[in-house]
Amino acid sequence: MRGDAKKAWPVEERTTLGSGAISTFVNEVVLTPAGTRMNRQFLTHPGAVAVVAWDEAADEILVLRQYRHPVGMELVEIPAGLLDIEGEDYCLAAQRELAEEAELQAGRWDVLVDIFSTPGACEESLRVFLARDLSRAPRPQGFVPEDEEAEMTSTFTSRAAIVEMILNGECESPSLVSGVLALETARLLGKLDDLRPSDAPWLARQ
């Protein structure tokens, strides 16, 4: 069995249905291998990074509580942010988000998992990093939390408790669920020292 592969069916027409601050809603007329045409509507997206910040000594993970208006819920999340700075290194973006949202820095960075958050409806690709050897850090100069982020809270929580909450259906954030369960899998398999380096190739963004 082989993994995901880059492939693009021909697009005959693309129409913008609506534009926003981050995403554009488009319709594409796609030619299938069978020669038929299909319409697909989806959101464009710049991509994102997220961080599982793990205090190994205490066996705790830094989690946030953030309001998410589209789903009408306050979610338990991990630090995350958009890849909205042209050419910014992915790990550097993750480091920036960790400092902005949690006032933390890390001495070791590895890649935990890469996912498409909703591949049937949005082109968002997400890379989740594992950050270890944590210490306090100032927020980047000029950064001021706004809107939902201004109301966001953070705390360290037991890794085991977060895993239990995920399995009980109490946490649904895709970055948290995929990141924490990837960490749990690597930990149980003894693969923590074999994780991909922070600059590992990212198929979705090649």
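Heavy-atom basis, side chains included; hydrogens, waters and symmetry copies ignored. All figures in this text were calculated on a predicted structure; none of them were measured in a lab.
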Flag yes if more than 12 heavy atoms outside D4 fall under 6.0 Å of its CG atom; otherwise flag no. no
Which residues satisfy the side chain to side chain donor-acceptor pair (under 3.5 Å) test with Q206, sequence neighbours excluded? none
Basic-acidic side-chain contact under 4.0 Å: [X], [Y]:
X	Y	value
R108	D133	no
R132	D110	yes
E151	R65	no

When you look at Q105 and L98, which way does the side-chain contact (heavy atoms from CB on, under 4.5 Å) test go after all the steps? CA-CA 7 Å; Q105 60 187 359; L98 184 61; 5.7 Å; no
In the structure I gave you, are the side-chain heavy atoms of [X] and [Y] within less than 4.5 Å of one another anywhere?
X	Y	value
R159	E60	no
E123	L43	no
R205	L83	yes
R136	E103	yes
E172	E77	no
L104	L62	yes
T32	M38	yes

Which heavy-atom pair separates [X] from [Y] by the least distance, and what is that distance?
X	Y	answer
D114	R196	OD2-NH1, 2.9 Å
L82	P46	CD2-CG, 4.2 Å
W109	S198	O-CB, 3.7 Å
A99	P138	CB-O, 3.9 Å
S19	T16	OG-CG2, 3.6 Å

Pairs where [range] contributes a residue and the test side chain to side chain donor-acceptor pair (under 3.5 Å) is met, not counting sequence neighbours:
range	value
residues 140-150	none
residues 185-194	E184-R187
residues 40-50	N27-Q41

Donor-acceptor pair, side chain of [X] and main chain of [Y], under 3.5 angstrom:
X	Y	result
D89	C91	yes
S158	A160	yes
R139	E100	yes

Check step by step if side-chain contact (heavy atoms from CB on, under 4.5 Å) holds for E164 and E170. CA-CA 9 Å; E164 187 72 16; E170 298 174 59; 5.9 Å; no
So how far is it from [X] [atom1] to [Y] [atom2], rounded to the nearest 0.5 Å?
X	Y	atom1	atom2	value
Y67	L75	OH	CG	10.5 Å
E124	I22	CD	CD1	9.5 Å
L64	T153	CG	OG1	7.5 Å
T24	R14	OG1	CZ	7.5 Å
F129	S175	CZ	OG	13.5 Å
T157	D59	OG1	CG	11.5 Å

Determine, step by step, whether L31 and W9 satisfy the side-chain contact (heavy atoms from CB on, under 4.5 Å) criterion, reporting the C-alpha distance in whole Å, the side-chain angles of both residues, the deciding distance to 0.1 Å, and the verdict. CA-CA 6 Å; L31 182 64; W9 291 356; over 6 Å; no
Test salt bridge (charged side-chain N to carboxylate O under 4.0 Å, His left out) on E12 and R37 and set out the steps. CA-CA 9 Å; E12 293 193 335; R37 289 170 177 79; 2.5 Å; yes
Hey, what else clusters with V128 if you join Ile, Leu, Val, Met, Phe, Trp, Tyr whenever side-chain heavy atoms sit under 4.5 Å?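 Result for V128 is V52, W54, I61, V63, V76, I78, L112, V113, I115, L126, L130, I162, V163, I166, L167, L176, V177, V180, L181, L183, L192, L195.
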With ILVMFWY side chains joined below 4.5 Å, transitively, what does L189's cluster contain besides itself?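 When side chains under 4.5 Å apart are linked, L189 ends up in no cluster with other residues.
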Please evaluate residues M152 and Q66 with respect to the criterion side-chain contact (heavy atoms from CB on, under 4.5 Å), reporting the C-alpha separation (whole Å), side-chain torsions for both, the decisive distance (0.1 Å), and the verdict. CA-CA 5 Å; M152 190 166 58; Q66 183 168 356; 3.3 Å; yes
